[in-house]
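Read through the structure below, which is laid out as structure tokens, and then see the notes.
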Amino acid sequence: MLLGVNIDHIAVLREARKVADPDPLDALGICKRAGADQITIHLREDRRHMQDMDAKHIIELSSLPVNLECAISAEMIDIACDLRPHRVTLVPEKREEVTTEGGLAVTGEQAKLKEAIQRLQNEEIEVSLFIDPTLETVNASLDLGVEWIEFHTGKYANIYAMLYTNLSKTHHSIQELELSRKSLKKMLNDELSNLHQLASEAKKLNLRVAAGHGLNMQNVKEIVKIESIEELNIGQSIIARSVYTGLEQAIIDMKDLLMR
Ligand code: PXP
């Protein structure tokens, strides 16, 4: 399974102090050495992490394909067409969110999406849509003529965290916890079979399938079993772990889990 390493969080650290380091550009050689298959970056409209210069230099200098995530605004599509990365993943953006909290409203913004996709494809840029895993979004993506879809795995990751980490357990009595564990397990299994089913449906429709958001060394193991998912884009957990292991080792360890 292919691994796209999302290096935004290097820029998050830099922008926390508004200084020059760490520079995301320095990650390119390390990602390549460690066996990453793709570099993923998100140029947000508010430029809170990656800056225009980062995107420009990363796309120019990376020997790995670059997947540029951006919103569907005219400004961002102009920039993407200008920079011509290997792939553009269109994502929803809200100023107030901490991270990309859900998939694109593919059925609500069809005209705008169509135009953006057409412009990108005219520049021979592959297009992917970051979508919530539903049959409706898969079918709408197919209608829009994109090459790739990327399933937002945030719901899966949240349920997993509620079940297997200490998050949100502190205020429950043991009995409530047992009950909620049972329903959480069911929710987790339902979400996994939903991902299995939709990924294989999408593959049959000739869509290439990626997934990402909130994946880490624990919860990724079940996702790797989904044959029809070709690629995962993982950022936060790799960069977080790299504080202790170094970036190269953090990528090597994640890539090992993706071997199947
Ligand atoms: N894929 C897409 C489209 C994203 O926007 C992001 C960041 O939210 C990721 C993957 C990586 O998510 P994370 O940083 O939680 O691994």
Side-chain angles (χ1 to χ4, degrees), residues 1-13 15 24 27 31 36-50 54-55 65-72 76 80 85-106 113 116 120 125-133 137 141 146-161 165 167 195 199 207-221 223-224 229-243 247 250-251 253-255 257-258:
M1 190 180 240
L2 302 172
L3 174 63
V5 178
N6 181 318
I7 59 172
D8 287 352
H9 286 273
I10 300 174
V12 170
L13 192 56
E15 296 303 314
C31 291
D37 301 288
Q38 169 172 270
I39 303 291
T40 293
I41 56 173
H42 185 174
L43 187 64
R44 297 187 77 100
E45 288 182 288
D46 61 10
R47 310 298 198 272
R48 73 172 91 142
H49 308 140
M50 285 286 171
D54 295 321
V66 177
N67 171 27
L68 173 69
E69 298 174 6
C70 67
I72 347 167
M76 297 315 299
H86 180 76
R87 189 189 310 164
V88 166
T89 298
L90 297 172
V91 300
E93 247 181 59
K94 289 193 222 113
R95 291 289 154 104
E96 64 277 14
E97 71 189 358
V98 176
T99 178
T100 314
E101 282 156 9
L104 278 168
V106 261
L113 271 166
L120 293 163
I125 301 167
E126 276 183 356
V127 183
S128 179
L129 301 179
F130 192 39
I131 56 174
D132 289 324
T137 57
S141 304
V146 289
E147 292 86 355
W148 283 86
I149 53 173
E150 178 170 340
F151 286 135
H152 193 301
T153 48
K155 183 175 172 195
Y156 164 76
N158 284 341
I159 302 169
Y160 192 100
T165 73
L167 287 178
L195 286 163
L207 285 165
R208 302 184 72 179
V209 185
H213 195 91
L215 298 178
N216 57 41
M217 291 193 65
Q218 288 74 44
N219 67 18
V220 80
K221 292 173 190 161
I223 300 292
V224 174
I229 297 181
E230 272 185 70
E231 172 195 288
L232 299 179
N233 288 297
I234 305 180
Q236 201 273 341
S237 68
I238 291 178
I239 305 301
R241 198 154 171 277
S242 75
V243 171
L247 181 58
I251 296 169
D253 293 343
M254 183 61 82
K255 185 74 194 180
L257 295 176
L258 269 53

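What you see below is based on every heavy atom in this structure, not just the backbone, and it leaves out hydrogens, waters and symmetry mates. Indexing begins at 1, ligand by ligand and atom by atom, following the structure's order.
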Might you point out which heavy atoms bring Ala27 and Ile7 nearest each other, and give the distance in Å? CB-CG2, 4.2 Å

Backbone or side-chain N or O of His42 under 3.5 Å from ligand 1 N or O: no

Is there a salt bridge (Lys or Arg N to Asp or Glu O under 4.0 Å) between Glu150 and Arg87 once you walk through the steps? CA-CA 12 Å; Glu150 178 170 340; Arg87 189 189 310 164; 5.5 Å; no

Which of the ligand 1 atoms, numbered from 1, are nearer than 4.0 Å to a heavy atom of Gln236: 13 (P), 14 (O), 16 (O)

Where on His152 is there a heavy atom closer than 4.0 Å to ligand 1, on the side chain, on the backbone, on both, or on neither? neither

Should one rank Arg44, His213, Glu150, Glu93 by closest heavy-atom distance to atom 1 (N) of ligand 1, which comes out on top? Glu150

Could you check whether any heavy atom of Ser237 sits closer than 4.0 Å to an atom of ligand 1, since that is the contact criterion I want to use? no

Candidate list Asp37, Thr40, Asn6, test side chain to side chain donor-acceptor pair (under 3.5 Å), partner Asn67, passing option: Thr40

For ligand 1, which atoms have a heavy atom of Phe130 less than 4.0 angstrom away? 2 (C), 3 (C), 5 (O)

For Ile234, the ligand 1 atoms with a heavy-atom partner under 4.0 Å come out as 16 (O)

Minimum-distance pair of heavy atoms, taken over all atoms of Ile238 and Leu247: CG2-CD1, 4.1 Å

On a heavy-atom basis, the closest approach of Glu15 and His49 is CG-O, 3.3 Å

Please check if atom NZ in Lys255 has more than 12 non-hydrogen atoms from other residues, nucleotides or ligands closer than 6.0 Å. yes

Can you find an N or O of Gly212 that's nearer than 3.5 Å to an N or O of ligand 1? no

